[in-house]
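Below is one structure, written out as structure tokens; comments come after it.
Lettering of chains follows the sequences in order, A, B, ..., and the numbering in each one begins at 1. Every heavy atom of this structure was used, including side-chain atoms; hydrogens, water molecules and symmetry mates were not.
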Amino acid sequence: MPSLPDVMIPEVADLARRAASGQTADPHLEDVALKPAFFDWLCRMGDSTLILGHRLSEWCGHGPVLEEDIALANTALDFIGQTQLWLGLAAEVEAQGRSADDLAFLRDAMKFRNVKLVELPNGDIGQTLMRGFLFDAWHFEMLTALGNSTSPRVAEIAAKAVKEVSYHLERSSDLVVRLGDGTEQSHERMQAALDYLWPYTGEMFAGDAIDRAVTEAGIAPDPAALLPLWQRTVTEVLAEATLQVPDRRFDAQHGGKQGRHTEHLGYILAQMQFLQRAYPGASW
Amino acid sequence: MTPTDAQIWDWLAEVPDPEIPVISVTDLGIVRDLRWEGDTLVVAVTPTYSGCPATAVIDLAIETHLQARGVVRVRLERRLSPPWTTDWLTEAGRAKLTAYGIAPPVDGTAPDGRSGRAARLAGGSNLVIACPRCGSAQTERVSQFGSTPCKAAWRCRDCLEPFDYFKCH
């Protein structure tokens, strides 16, 4: 089997840039008044997949079994691929000469727009899988709704990504059931993970002025409209997993979408951005 | 002299997938369109998985191969819509996968964004994937993911060999 050529060599990077030009026409990209909100909203989509993808990649070489290690790395790869599409479009909307890489590697924590849920530490494998499930259940409904976006560019990214994400949701649902309804120890760990993560889930459904602007433009659904769909999936899977829905507020934690993060994000960025910060423009 | 579209498609059929070199980019169904813009040949290619690391390499291989065949100006265009599905794999490609030891996807079962779990709960049945080595239908899934994003790990309960399944997408 031939080994893969280095994808960071300039010709390949240049080819990818040129291939991404000449895309489907989208009137929203010309709407100057909408630009700031559209850009921010695209960063919310892309930053959440970027940070969760990075978190999952931390398991590479550390998975409890080989199959899980490979599955987590492949899922991370899907998220990073989706990030390239979302942040690539964000860069086009912004039209300030920045690329998806610039947005990923050269923004500071306060400029990141991901929900806090995805930046929390991995914890044990149970916590990682539970977080994945809670996110996937939202991600699947969000992308399904975005398939009807009035922005053709957003709709085509969503149609592509939802196929990958339906697979993520299938896998994470199955594992939550297996571990929740598993041994005494696995059940306890899954319940502890759910209790810990629960207050962070509400942020996915909380709207603000940015959401209102893109909702009014028909680009994205009202985040609150996804809540009943998410609750249906979560309630059903948790019941099958013999886990208790925590008896506490699910919307206590906010701020990630507005750039107010936990201290964990800084550590992620320190690792992820070090090379580009220390050696600007470096490639290998 | 400008080559015909049929000639270009033949040349594209010579470009192997970098991860599974027995099948070509046309077997995979990822070349969506050819058109000329003046003296530039525009080749529209759709990615398989959005994060597949082979995508950029495939673009480079297509450009290099067509230039070696005498098409001086080639431009690759990324086309996301409609999203790639394994239903686009050619019959020849499926046969080559089986001969290579990879079970091809079962036609028409690509999830198309619908959760497989939801489909199963609604009464859908489990897939039967034939072992590419001995043909037995007595197989079971080991893991939803295999050596690349497009494959899952399976094993045969008759010949006991593990194998890759090119999963439906």
Side-chain angles (χ1 to χ4, degrees), chain A residues 1-9 11-13 15-16 18-24 53 65-68 70-85 136 140 143-144 147 152-153 155-167 169-171 173-174 233 236-237, chain B residues 16 18-22 37 42-57 59-64 74-86 110-121 141-153 167-169:
Chain A
M1 179 143 332
S3 64
L4 288 172
D6 192 328
V7 294
M8 296 303 286
I9 56 176
E11 304 91 87
V12 179
L15 199 63
R18 281 186 285 131
S21 64
Q23 295 291 309
T24 316
V65 289
L66 184 60
E67 287 78 7
E68 281 310 304
I70 291 168
L72 289 163
N74 272 302
T75 308
L77 205 54
D78 284 343
F79 282 131
I80 301 304
Q82 293 165 16
T83 301
Q84 285 173 333
L85 298 174
D136 294 344
F140 178 77
L143 293 172
T144 302
R153 296 291 300 280
E156 68 182 12
I157 294 173
K160 177 86 195 147
V162 76
K163 298 182 67 160
E164 293 156 4
V165 168
S166 68
Y167 206 69
L169 178 59
E170 181 186 354
R171 176 172 173 278
S173 306
D174 281 351
T233 308
E236 180 195 291
V237 170
Chain B
E19 280 284 353
I20 312 171
V22 290
E37 284 180 3
V42 181
V43 184
V45 180
T46 194
T48 52
Y49 283 75
S50 48
C52 181
T55 304
V57 182
D59 284 355
L60 185 65
I62 289 174
E63 185 176 79
T64 309
V74 181
R75 185 163 67 80
L76 276 291
E77 186 177 88
R78 185 186 71 197
R79 183 168 300 179
L80 288 183
S81 183
W84 178 75
T85 163
T86 43
D112 202 22
R114 211 158 58 105
S115 165
R117 180 183 169 77
R120 261 210 322 284
L121 290 173
R141 191 175 73 187
V142 176
S143 174
Q144 275 157 302
F145 287 92
S147 52
T148 63
C150 57
K151 286 177 271 170
K167 68 200 191 198
C168 288
H169 186 71

Checklist line | Region of B:A152 that comes under 4.5 Å of a non-hydrogen atom in chain A | finding: side chain
Note to self: Using every non-hydrogen atom in the two residues, find where B:P83 and A:A159 come nearest and quote the distance to one decimal.
What the structure shows: CG-O, 3.8 Å
Notebook entry, point to check: Do A:N74 and B:K151 have side chains that get closer than 4.5 Å, going by heavy atoms?
Noted result: no
Note to self: What's the separation between atom SG in B:C168 and atom NZ in A:K163, rounded to the nearest 0.5 Å?
What the structure shows: 9.5 Å
Item checked: Gap separating the CG atom of A:L77 from the CZ atom of B:F145, nearest 0.5 angstrom -> 9.5 Å
Notebook entry, point to check: Side chain, backbone, both or neither: which part of A:I80 has an atom under 4.5 Å from a heavy atom of chain B?
Noted result: neither
Next item on the list: Flag the pair A:E67 / B:Q144 as yes when at least one side-chain heavy-atom distance between them is below 4.5 Å, and no otherwise.
Entry: no
Item checked: B:T48 portion near chain A, given a 4.5 angstrom heavy-atom threshold -> backbone
Item checked: Contact origin within B:T148 toward chain A - heavy atom pairs under 4.5 Å -> backbone
Next item on the list: With a 4.5 angstrom heavy-atom cut-off, could you sort out which part of B:P16 is near chain A: side chain, backbone, both or neither?
Entry: neither
Checklist line | Separation between CD1 of A:I157 and OG of B:S81, rounded to the nearest 0.5 Å | finding: 11.0 Å
Margin query: As a test of understanding, state which of A:E164, A:Q82, A:K160 forms a side-chain contact (heavy atoms from CB on, under 4.5 Å) with B:Y49.
Written below: A:E164
Notebook entry, point to check: Quick one: what part of A:L66 sits under 4.5 Å from any heavy atom of chain B, side chain, backbone, both or neither?
Noted result: neither
